[in-house]
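Comments concern the structure below.
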Amino acid sequence: MEKSRALFTRAEKVIPGGVNSPVRAFRSVGGNPRFITRAKGSRLWDADGKEYIDYVGSWGPMILGHNDERILEAVSKAACDGLSFGAPTEREVLVAELMTSMVPGLEMVRMVNSGTEAVMSAVRLARGYTGKDKVIKFAGCYHGHSDSMLVKAGSGVMTQGVPDSLGVPAAAAKDTLTAVYNDADSVEMLLRENRGQIAAVIVEPVAANMGVITPKEGFLQKLRRLCDENGALLIFDEVITGFRLCKGGAQEFYGVKADLCTYGKIIGGGMPVGAYGGRKEIMNWIAPSGQVYQAGTLSGNPVAMAAGLAQLTVLNEDPSVYERINHLGELFACGMKELIEKYRAPLTVTGVGSLRCVFFTSDTVENYEDAKKSDTALFARYFNKMLEKGFYFAPSQFEAAFFSAAHTEADIRATLAAADETFAEIMI
Ligand SMILES: *Cc1c(COP(=O)(O)O)cnc(C)c1O
């Protein structure tokens with residue numbers, strides 16, 4: 001840990017909190033973040049040379065595992081031809097053609113540089129298209145850090161937007177209304193009280209930023225119906241679920257069509273990429289075809305497009321990737337459930353496919369309030385013991401474990417054996 005510790009000490013002097021994204025600082029689990037030097041397949045190595053089996057996968061993008069040869073080769077070739085032109089390239093067309101062929105109902109996409117930017121732009125488009133200002137989101141759903149999305153409004157359905165962060169103007173937050181995840185009635189109530197004023201309902205179809213919470217049977221369908229009845233657009237934030245649940249993401253997986261979708265993470269193959277898309281009729285409202293302005297100097301960057309294209313091509317052509325990652329996720333979830341029974345531990349395993357979570361509460365977790373009941377101190381002990389044993393999970397209770405095609409059954413078995421040992425140590 002010496003080198004990581006020394007690097008963090010230096011980092012704290014010149015980077016706020018020592019990191020370029022808050023969760024990386026390990027604040028909620030204590031201890032020193034590991035500085036990573038290299039990764040391959042399911043493994044990470046830190047600055048002190050310690051090896052880990054990684055379940056963060058750069059927070060989702062590395063669905064094929066780290067440093068996949070096919071992506072590396074595509075990136076290297078593209079880089080040799082030039083890093084950026086600020087003019088259109090063929091790869092942008094190829095990525096858009098591939099994405100629209102893989103996702104049902106997705107007719108057009110616009111590339112941006114992050115998930116935050118994708119959501120910010122999709123919300124602007126929804127407002128421009130509908131001519132309405134208010135947006136409904138769900139407590140505990142994360143949609144990036146743009147002003148209007150940094151609102152979770154802790155205390156119940158009826159709360160008007162209260163910002164989560166200093167610096168978000170009350171005026172920006174007031175048009176963001178907050179509903180309860182998995183509770184369509186809470187949405188119906190907000191729609192009724194703000195009749196004719198709602199531009200969009202935005203949801204993570206599988207919530208994966210308050211731990212992992214799956215949608216209850218009929219929840220997403222009911223949102224679809226409520227949006228149709230009220231002239232609001234339904235936005236699926238598929239920055240995590242897109243191209244992960246299956247080729248067509250949550251829309252295909254749950255059989256519900258959204259009007260607009262946002263993407264990020266996987267579509268960049270590890271490079272900074274986001275995208276938003278939907279029906280032509282709506283997407284044509286974006287400049288230069290329409291009056292909703294959105295632009296980006298580095299959007300559709302040739303090297304980033306090469307990475308995304310290579311990764312999406314594998315996902316499109318090799319169905320065994322989804323079989324494999326879903327199987328590994330299932331193996332992990334079943335193994336954890338057995339351990340929870342063995343130790344009579346007050347824990348709950350949630351998730352679907354290659355997105356899983358172990359909540360440190362024995363209650364059912366269906367929304368943000370449920371998730372917050374977790375014993376985060378116990379989680380922190382579990383996390384740190386697993387890290388010491390060489391298993392790198394997200395340093396927060398409220399994040400997902402990501403499974404990649406580079407993980408093996410042996411990796412999962414080793415992880416479960418370490419969890420068994422850890423439970424023996426921490427569950428008195
Ligand atoms: C990660 C994430 C974002 C933000 O993406 P960035 O690339 O970090 O800006 C938005 N929505 C969801 C659902 C995410 O998981």
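As the structure lists them, so they are numbered: ligands from 1, and atoms in each ligand from 1. Index from 1, following the sequence. Small disclaimer: the values here were computed from a predicted structure and weren't measured.
- Ring planes of F26 and Y392: tilted class, angle from 30 to 60°.
- Closest to atom 11 (N) of ligand 1, if we only count protein heavy atoms, is D237 OD2, 2.7 Å.
- In summary, the atoms of ligand 1 found under 4.0 Å from a heavy atom of N209, numbered by their order in the structure, are 12 (C), 13 (C), 14 (C), 15 (O).
- Under a 3.5 Å cut-off, the side chain of R224 and the backbone N or O of K257 do form a donor-acceptor pair.
- Sorted by first and then second residue, the pairs that involve residues 107-134 and meet ring-ring contact (aromatic ring centres under 6.0 Å, His included), not counting sequence neighbours, are Y129-W285.
- Atoms of ligand 1 found under 4.0 Å from any heavy atom of I240, numbered from 1 in the order shown, are 15 (O).
- Under a 3.5 Å cut-off, the side chain of T376 and the backbone N or O of F379 do not form any donor-acceptor pair.
- If you look at T262 next to ligand 1, there are no close heavy atoms at all, none under 4.0 Å.
- Nearest non-hydrogen protein atom to atom 9 (O) of ligand 1 is T116 OG1, 2.6 Å.
- With V206 as reference, L245 is the one residue of L245, I240, I213 to meet the side-chain contact (heavy atoms from CB on, under 4.5 Å) rule.
- When heavy-atom distances to ligand 1 are checked against a 4.0 Å cut-off, K265 comes that close only through its side chain, counted from C-beta outward.
- In this structure, D370 contributes its side chain and E366 its backbone to a donor-acceptor pair below 3.5 Å.
- Contacts between E204 and ligand 1 below 4.0 angstrom, taking non-hydrogen atoms only, involve the side chain exclusively.
- The N/O atoms of G115, backbone and side chain alike, include one that comes under 3.5 Å of an N/O atom in ligand 1.
- Rounding to the nearest 0.5 angstrom, the gap separating the OG atom in S42 from the CD atom in E51 is 8.0 Å.
- The ligand atoms of ligand 1 that sit less than 4.0 angstrom from a heavy atom of S114 are 7 (O), 9 (O).
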